[in-house]
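I have placed the structure first, in the form of structure tokens, so that the comments after it can refer back to it.
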Amino acid sequence: MKHFRSTLITAVTIGIVAAIVSKYTNITAPTTKTAAITTTTTTTTTTTTTTTTSSSSSKPAAIPLYTPPSKHLEASEMSVPRAIRKAFLAVEQSEGAGARVRRSIGTPQLRNFSPFLMLDHFSVSPGAGFPDHPHRGQETITYLLEGATDHEDFAGNKGTLYPGDLQFMTAGRGIVHAEMPRKTDDGKPNVGLQLWVDLPESLKACEPRYRDLRAAEIPTVDVDAGRATIKVISGQSHGIDSVKDLAYTPVWILDVVLRPGASVTQPLPKGWNAFSYVLEGSAWYGQGQDRTKIQQFHNVVFEQDGDVVHVEADADATKDTRLVIIAGTPLDQEVVQYGPFVLNSKEGVYQALYDYQTFSNGFERAKNWKSEIGKPMMG
């Protein structure tokens with residue numbers, strides 16, 4: 001069976017998925033006869049346990065991963081700030097036709113920072129985009145900052161994201177979809193963040209699902225005498241909870257605006273992996289001798305030890321600083337990724353390639369399907 005799969009993959013499937021991978025995910029597929037598959041083993045063990053919303057399908061349902069704290073996490077004089085493990089620039093690169101992407105997670109600088117697989121800060125002009133392509137084994141979180149983006153998949157799901165909206169997509173056992181920017185009146189590109197989050201092994205084969213979060217639904221909290229504003233997209237901050245449990249893998253996402261002189265101390269769950277990405281301006285992270293200034297488009301990766309992340313803006317700053325703070329529970333499992341397929345073994349990736357090519361085991365609806373929004377690029 002292994003010989004059959006290997007032969008079929010190398011002869012038929014690799015070329016198709018390679019085109020998708022290289023054009024739409026910017027992960028270069030191999031051109032040799034044997035597919036080189038990225039394997040990473042995470043060694044951090046999660047210490048959290050909870051309930052998430054389960055799929056209504058007979059396929060694997062959600063398992064307990066994380067229990068929200070019985071009371072809100074609060075910073076105190078005894079709180080230990082997280083140290084910076086590393087900080088680096090997300091270098092801008094071309095992606096497709098007319099798209100520009102700053103990728104930080106998912107590069108040699110930072111691979112598979114469990115549960116995070118990839119972070120893209122994208123800028124996509126009308127006429128470019130991401131037409132029909134598959135996924136299996138992960139969740140994607142798209143946060144639109146500017147413009148409007150349409151979505152359509154092979155199950156008939158479709159919709160549009162506007163500024164401030166988010167889409168949480170669980171690929172599970174398989175999805176084929178398209179993401180295409182709408183034409184803007186001013187001709188400016190569509191800008192946003194897309195975060196890929198790993199699924200626990202027991203949910204790799206769950207049914208796909210979507211959960212949208214509209215900008216108007218996101219609670220906000222003002223801190224530091226109104227000099228800072230935090231959108232609580234997922235998780236909690238300063239006594240405010242997010243409105244929905246949107247991902248199977250527990251993730252906190254906070255959008256923070258710091259006005260000149262603002263200071264924020266944000267508690268995070270112990271043992272979670274965390275990072276911060278600076279969207280606009282610059283910010284100081286840490287306190288005392290560990291205080292470090294981080295510029296725009298840099299990703300700041302924190303050590304696991306510590307209770308809080310402390311961030312400040314210069315008092316003499318001429319503009320506001322905007323950044324996101326993101327944390328997630330690490331998954332103690334192997335990560336084997338080949339472009340848009342993220343499984344826990346090479347055999348699992350081979351099976352995904354085979355299933356996609358043969359329209360089986362989750363990809364049945366891909367046969368003869370083409371998205372309407374992707375047709376201008378797909379032909």
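Note that this is a predicted model, so its numbers are computed, not measured. The first residue in the sequence is number 1, and the count goes up from there.
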(request) State which residue, out of V251, L268, L254, fulfils the side chain to side chain contact (heavy atoms under 4.5 Å, CB included) condition with I326. (result) V251
(request) Answer with yes or no whether the hydrophobic clustering places V308 together with I240; edges join I, L, V, M, F, W, Y residues whose side-chain heavy atoms lie under 4.5 Å apart. (result) no
Can [X] and [Y] be counted as an ion pair, charged N to O under 4.0 angstrom?
X: D355; Y: R173; value: no
X: R82; Y: E303; value: no
X: K188; Y: E146; value: no
X: K375; Y: E372; value: yes
X: K270; Y: D307; value: yes
X: D153; Y: K158; value: no

(message) Check for me whether the distance between the ring centres of F275 and F116 falls short of 6.0 Å.
(response) yes
(message) Centroid separation under 6.0 Å, is that true for the rings of W196 and H135?
(response) yes
Can you find a side-chain donor-acceptor pair between [X] and [Y] that sits under 3.5 Å?
X: S276; Y: Y285; value: yes
X: Q167; Y: E179; value: no
X: Q266; Y: S237; value: yes
X: D165; Y: Y143; value: no
X: Q109; Y: N299; value: no
X: S125; Y: R100; value: no

(request) Return yes if some donor-acceptor pair links the side-chain N/O of K204 with the main-chain N/O of G137 below 3.5 Å, else return no. (result) yes
How about [atom1] on [X], more than 12 heavy atoms from neighbouring residues, nucleotides or ligands closer than 6.0 Å, or not?
X: K183; atom1: NZ; value: no
X: D186; atom1: CG; value: yes
X: Q296; atom1: CD; value: yes

Which heavy-atom pair separates [X] from [Y] by the least distance, and what is that distance?
X: T149; Y: N190; result: OG1-CB, 4.2 Å
X: S263; Y: H310; result: OG-CE1, 3.1 Å
X: P260; Y: A317; result: CG-O, 3.4 Å
X: T249; Y: P200; result: OG1-CD, 3.4 Å
X: Y277; Y: A90; result: CE1-CB, 4.0 Å
X: A75; Y: P267; result: N-CG, 3.6 Å

(request) Could you check whether the rings of F297 and H121 sit parallel, tilted or perpendicular, using 30° and 60° as the cut-offs? (result) tilted
(message) Which label fits H177 and H151: parallel for a plane angle under 30°, tilted from 30 to 60°, or perpendicular past 60°?
(response) perpendicular
Separation of [Y] [atom2] from [X] [atom1] (nearest 0.5 Å):
X: Q138; Y: L203; atom1: CD; atom2: CG; result: 13.0 Å
X: L166; Y: R211; atom1: CG; atom2: CZ; result: 14.0 Å
X: I175; Y: R365; atom1: CD1; atom2: CZ; result: 6.5 Å
X: S282; Y: E280; atom1: OG; atom2: CD; result: 11.5 Å
X: L195; Y: I105; atom1: CG; atom2: CD1; result: 6.5 Å

(message) Run the salt bridge (Lys or Arg N to Asp or Glu O under 4.0 Å) test on R182 and D150 for me, step by step, so that the C-alpha distance in whole Å, both residues' side-chain angles and the decisive distance to 0.1 Å come before the verdict.
(response) CA-CA 7 Å; R182 282 194 174 186; D150 292 322; 2.8 Å; yes
(message) Please determine whether salt bridge (Lys or Arg N to Asp or Glu O under 4.0 Å) holds for the pair D222 and R227, giving the CA-CA distance in whole Å, both sets of side-chain angles, and the decisive distance to 0.1 Å.
(response) CA-CA 7 Å; D222 290 327; R227 290 186 295 179; over 6 Å; no
